[in-house]
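Here the structure is a predicted model, which means the values were calculated and not measured.
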Amino acid sequence: MKKLLVVGLMVSGFAFGQVKKDTLGKEYKLEVTPYKAEKKEKPLPLSKKGQVFVFYGWNRGAFSNSDIHFTGNGYDFQLNNVQARDKPTKFGIVYIDPSWFTVTQYNFRIGYFIKDNLALVLGIDHMKYVMKQDQTADFSGTISDPKYAGMVQNGQVNLADTQFLTFEHTDGLNYENLGLEKYKNLIHKKNIDLVWSYGAGIGVMFPKSNIKLFGNERSDRFHVAGMGTDLRTSLNLVFWKNWMIRAEAKAGYINMWDIKTTLNNKPDKARQDFVFGQVLAGIGYTFNTKKYN
């Protein structure tokens, strides 16, 4: 029995020794998978935080009737329901010649996406406002000069002959505004995107008016005359990822309480408020401020 036990132990020891030897003799290789950086996909245009766009275009405008109140030395009166229109420039070289760009009714925008699909937009709307000359306006108030007081008949004044008043913001009705716009991609193709936006803005009115009242010399200087606010919506066709065509419509309210009506620093001034509508179109360029593979 003891002999059998000794033989068994010897056999088992030999077997374990072989296993250990075989185990130690094996060569193990550690396979290392190379690290691949995650590829950042280029985002859709007009959609991502950090994107920027610039835009230049041209507009047509429409204005509601307004009451215009005039005050100064020897007069304090109001013309009611005064009609006005815009003044588009005849199409020609002035629309593409940089030295003449202020002649047209133009728009400029620069936008920065502060969040995904949300842009902060700085804009200049160079509109033109012209009182219709061939009209008779309701009159209330007083004029001390008998010549111009005599032009008022039965509570109305005929403006057609231009002697009483010419009234324009043609250099122009400048609305310097800051807005927030929300963007949504409607169509995404290989080289074409259609993006819709909507938003609102607020800003100051910075006109250079052309007003001649009672034959006085006109005021001809830029100044802050009041404030404006608006609602807007646009369609943006982006092609080749960067270039864009923009069509926009907006409606807003303007209140100007310090319109200069005579030269230098005389106290003469006018005030008015009205609703406006505007359609515009033009070209732009959009780009990413972050690099994408």
Side-chain angles (χ1 to χ4, degrees), residues 33-61 95-96 98 101-102 104-127 173-206 224 226-254 276-293:
T33 304
Y35 173 76
K36 291 183 180 179
E38 185 180 348
K39 186 176 180 179
K40 290 184 178 179
E41 220 174 287
K42 193 172 183 179
L44 299 179
L46 304 177
S47 69
K48 198 72 174 173
K49 180 180 178 180
Q51 288 180 331
V52 174
F53 73 85
V54 291
F55 166 83
Y56 186 85
W58 302 272
N59 69 71
R60 289 297 309 268
Y95 279 85
I96 56 175
F101 79 96
T102 59
T104 63
Q105 299 181 169
Y106 70 87
N107 299 79
F108 174 76
R109 303 272 189 277
I110 181 167
Y112 176 78
F113 280 77
I114 56 175
K115 292 176 64 176
D116 289 357
N117 302 309
L118 183 67
L120 184 66
V121 182
L122 178 65
I124 300 172
D125 291 17
H126 181 80
M127 299 176 280
L173 183 65
N174 299 308
Y175 175 40
E176 322 279 346
N177 57 87
L178 188 65
L180 280 175
E181 297 178 1
K182 186 78 172 177
Y183 285 76
K184 180 178 177 60
N185 193 291
L186 301 179
I187 298 174
H188 173 59
K189 300 292 184 182
K190 184 178 180 181
N191 289 315
I192 294 288
D193 286 272
L194 183 63
V195 187
W196 170 54
S197 81
Y198 60 93
I202 190 169
V204 297
M205 303 306 302
F206 195 63
V224 176
M227 295 190 70
T229 186
D230 74 90
L231 298 174
R232 78 272 300 260
T233 185
S234 75
L235 282 174
N236 303 271
L237 183 66
V238 184
F239 51 99
W240 300 328
K241 305 299 182 184
N242 297 105
W243 293 98
M244 57 188 279
I245 297 174
R246 182 181 182 105
E248 181 178 306
K250 65 168 35 177
Y253 169 73
I254 288 172
F276 75 95
Q278 186 187 158
V279 292
L280 60 104
I283 58 174
Y285 188 81
T286 180
F287 59 92
N288 297 301
T289 58
K290 298 179 181 179
K291 289 186 177 180
Y292 295 89
N293 296 329

*Sidechain N-carboxylate O distance under 4.0 Å for R232, E181*: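 The answer is yes: the pair qualifies as a salt bridge.
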
Out of curiosity, [X] [atom1] to [Y] [atom2], how far, rounded to the nearest 0.5 Å?
X    : Y    : atom1 : atom2 : value
N117 : K48  : CG    : NZ    : 8.5 Å
D193 : H188 : CG    : NE2   : 5.5 Å
L46  : K184 : CG    : NZ    : 14.0 Å
L122 : E176 : CG    : CD    : 8.5 Å
L120 : K115 : CG    : NZ    : 13.0 Å
L173 : H126 : CG    : NE2   : 9.5 Å

Pairwise side-chain contact, [X] with [Y], heavy-atom cut-off 4.5 Å (strictly under):
X    : Y    : result
P45  : M244 : no
T286 : F55  : no
F239 : I245 : yes
L180 : I114 : yes
N236 : Y183 : yes
R246 : F53  : yes

*Would you check, one step at a time, whether the test side chain to side chain contact (heavy atoms under 4.5 Å, CB included) holds for L44 with V238?*
CA-CA 10 Å; L44 299 179; V238 184; over 6 Å; no

*Distance only, no hydrogens: is a donor on one side chain within 3.5 Å (strictly under) of an acceptor on the other, for Q278 and N107?*
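The criterion, which ignores hydrogens and geometry beyond distance, is satisfied for N107 and Q278.
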
*Could you tell me whether the side chains of D230 and Y175 share a donor-acceptor contact shorter than 3.5 Å?*
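A pair is found: one side chain offers a donor N or O, the other an acceptor, under 3.5 Å apart.
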
*asked:* Ring-plane angle category for Y106 and Y56, please: parallel below 30°, perpendicular beyond 60°, tilted otherwise.
replied: parallel

*Looking only at atom types and distance, does a side-chain atom of K241 sit under 3.5 Å from a main-chain N or O of K190, one as donor and one as acceptor?*
yes

*asked:* Taking G50's backbone N and O only, do any of them form a donor-acceptor pair with T289's side chain (distance below 3.5 Å, no angle check)?
replied: yes

Using distance only, find each side-chain donor-acceptor pair of residues 194-205 under 3.5 Å and give its atom names and separation, not counting sequence neighbours.
from, atom 1, to, atom 2, distance (Å)
W196, NE1, T233, OG1, 2.9
S197, OG, S234, OG, 2.6

*asked:* So for atom CD1, which belongs to I283, do other residues, nucleotides or ligands contribute more than 12 heavy atoms lying within a distance under 6.0 Å?
replied: no

*Are there more than 12 heavy atoms of other residues, nucleotides or ligands under 6.0 Å from atom NZ of K182?*
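Counting neighbours around NZ of K182, more than 12 heavy atoms of other residues, nucleotides or ligands fall under 6.0 Å, so yes.
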
*Where do K250 and N59 land on the side chain to side chain contact (heavy atoms under 4.5 Å, CB included) test, with the steps shown first?*
CA-CA 11 Å; K250 65 168 35 177; N59 69 71; over 6 Å; no

_Testing the basics here: between I254 and M127, what is the closest heavy-atom pair and its distance to 0.1 Å?_
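Closest approach of I254 to M127: CD1-CE, 4.2 Å.
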
*What are the two closest non-hydrogen atoms of N177 and I124, and how far apart are they?*
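Reported closest heavy-atom pair: ND2-N, 4.3 Å.
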
